[in-house]
2 protein chains.
Amino acid sequence: MRDGSPLAHTQWRLGILIAQIARRWRARLDQRIAEYGLTEARWLCLLTISRGGEGMTQKDLAARLLIEGPTLVRTLDWLEAEGLVLRREAPHDRRAKTLHLSAKARPLIQRIETAATGVRAEILAGIPDADLAACLSVLERVATGLAVPAPAPPPEEASDGYRPA
Amino acid sequence: MRDGSPLAHTQWRLGILIAQIARRWRARLDQRIAEYGLTEARWLCLLTISRGGEGMTQKDLAARLLIEGPTLVRTLDWLEAEGLVLRREAPHDRRAKTLHLSAKARPLIQRIETAATGVRAEILAGIPDADLAACLSVLERVATGLAVPAPAPPPEEASDGYRPA
DNA sequence: CCGCAATATCTAGCTTCCTCATCATGAGGA
DNA sequence: TCCTCATGATGAGGAAGCTAGATATTGCGG
């Protein structure tokens, strides 16, 4: 597993590294946004609607957020009750609903974006653009690789004596 | 915010990118470990004890995992009931307890490490070592920057008319 | 026109993981 | 001894995810 070479060792840390970055990054952003009663799932929802062009259906949004329908329903319920999001009937499919931001949501999203930009600036301060670009391209690639459902469920031979109970 | 340049646009995506990678990565690993009844919080706990040298107190572990005491107590309760972790009284402080892995836990940890290595190999397949190393060094730096509690809570002047309700 | 599968959303129920407030006990200094 | 802080446990509760099943709508085949 760890063969001693610096790259291998750091690779071994990569998973934990990314997980911790994601967690602390979000925590820091949450800290500054929490006063509006928003949590990660909620502001991610708002931002995604804002970026996606405000006419997407719930199914579209769920797909973008990588969550299931029922999970999204509750988040939207909250956002709608809060007067931030509107559910309208979709023009050509009465089953579906399109999502829109209220006037009240727009300044809020501005604040979220501002906070996000601030946090990002703090975090990335002093890192050369070239390094950053390289890192981003790797991450994009990783994300793409992760987007496909699953490569192959390995056979998993049991040779260490452990039994799942 | 978005000025149109490719770097700026991708930078803007960086937070979401890392969050999604972390999430999907964990989901993929969870899939393969779930059969042992383990969840993220639980195997992270095991791995951290294993790496940390098996004598740490609960407080130490909580600090490493970035969670609060009560959260850890429950996870440890489960792990202890499962016979994977032992709580022993600390030698010089009867309030504290030191954490140790049982013999049953060791092969399980091996399996977790194996699964983690497999997932990592899938995810990083085809990415040149040099790019990866560059990316890792940026991430290490980001993680370090995030480790310090908080740079400065900004004054946050309200000029957009939004009120927190 | 009618039946039926697929689709979009919602409801209900469950699990995991986290938090805060509070408590019992032990440690350590005045 | 007494007071204060530290460690871990417990209770209550919230956020957010899932699956399964219900309901309404769409659109196709006969």
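Every chain is numbered from 1, with letters handed out A, B, ... down the list of sequences.
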Rounded to whole angstrom units, what separation is found between the [atom1] atom of [X] and the [atom2] atom of [N]?
{"X": "A:Arg88", "N": "C:dA8", "atom1": "CZ", "atom2": "C1'", "answer": "19 Å"}
{"X": "A:Trp43", "N": "D:dA16", "atom1": "CH2", "atom2": "P", "answer": "11 Å"}
{"X": "A:Arg26", "N": "D:dA15", "atom1": "CZ", "atom2": "P", "answer": "14 Å"}
{"X": "A:Glu89", "N": "D:dT25", "atom1": "CD", "atom2": "P", "answer": "9 Å"}
{"X": "A:Leu99", "N": "C:dA8", "atom1": "CG", "atom2": "P", "answer": "13 Å"}
{"X": "A:Asp60", "N": "C:dA8", "atom1": "CG", "atom2": "C1'", "answer": "11 Å"}
{"X": "B:Arg87", "N": "D:dT7", "atom1": "CZ", "atom2": "P", "answer": "16 Å"}
{"X": "A:Glu82", "N": "D:dA15", "atom1": "CD", "atom2": "P", "answer": "11 Å"}

Please lay out, stage by stage, how A:Leu14 and B:Leu124 fare under the test side chain to side chain contact (heavy atoms under 4.5 Å, CB included).
-> CA-CA 10 Å; A:Leu14 181 58; B:Leu124 301 182; 3.8 Å; yes
Can you list the residues that meet the salt bridge (charged side-chain N to carboxylate O under 4.0 Å, His left out) rule with B:Asp60, with sequence neighbours excluded?
->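 B:Asp60 satisfies salt bridge (charged side-chain N to carboxylate O under 4.0 Å, His left out) with no other residue.
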Partner set under salt bridge (charged side-chain N to carboxylate O under 4.0 Å, His left out) for A:Glu80, not counting sequence neighbours |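 Applying salt bridge (charged side-chain N to carboxylate O under 4.0 Å, His left out) to A:Glu80 gives A:Arg87.
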Taking only side-chain nitrogens and oxygens of A:Thr39, does any of them come within less than 4.0 Å of OP1 or OP2 of D:dA16?
->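 True: A:Thr39 side-chain N/O within range (under 4.0 Å) of D:dA16 OP1/OP2.
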Are any of A:Lys97's side-chain N or O atoms less than 4.0 Å away from OP1 or OP2 of C:dT9?
->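 Negative; the distance criterion is not met.
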Under 4.5 Å between any side-chain heavy atoms of B:Arg42 and B:Glu82, yes or no?
->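 Not in contact.
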With a 4.5 Å limit on heavy-atom distance, are the side chains of B:Leu101 and B:Val85 in contact?
->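 Sidechains of B:Val85 and B:Leu101: in contact.
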Check DNA chain C against residues 68-81 of chain B and give the residues with a non-hydrogen atom under 4.0 Å, in numerical order.
->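 Under 4.0 Å from DNA chain C: B:Glu68, B:Pro70, B:Thr71, B:Arg74.
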Starting at the 5' end of DNA chain D and moving along, which residue's nearest nucleotide shows up first, B:Lys59 or A:Ile67?
->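 So the residue in question is B:Lys59.
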Please lay out, stage by stage, how B:Leu65 and B:Thr71 fare under the test side chain to side chain contact (heavy atoms under 4.5 Å, CB included).
-> CA-CA 10 Å; B:Leu65 293 173; B:Thr71 304; over 6 Å; no
Contacts of type side chain to side chain donor-acceptor pair (under 3.5 Å), residue B:Arg64, not counting sequence neighbours |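 B:Arg64: no side chain to side chain donor-acceptor pair (under 3.5 Å) contacts found.
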Residues two or more places apart in sequence or in another chain: which of them pass side chain to side chain donor-acceptor pair (under 3.5 Å) with B:Glu54?
->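 Scan of B:Glu54 (side chain to side chain donor-acceptor pair (under 3.5 Å), adjacent residues dropped) gives B:Arg106.
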Assigned partner base of C:dT15, Watson-Crick or wobble definition, under 3.5 Å |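 Here C:dT15 is engaged in a pair, and the nucleotide opposite it is D:dA16.
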B:Ile109 and B:Ser50: which non-hydrogen atoms are nearest, and at how many Å?
->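 In terms of heavy atoms, the two residues are closest at CD1-CB, 3.8 Å.
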Please list, for nucleotides 27-30 of chain C, all pairs of protein and nucleotide N/O atoms separated by less than 3.5 Å.
unit_1 : atom_1 : unit_2  : atom_2 : d
C:dA27 : OP1    : B:Arg94 : N      : 3.3

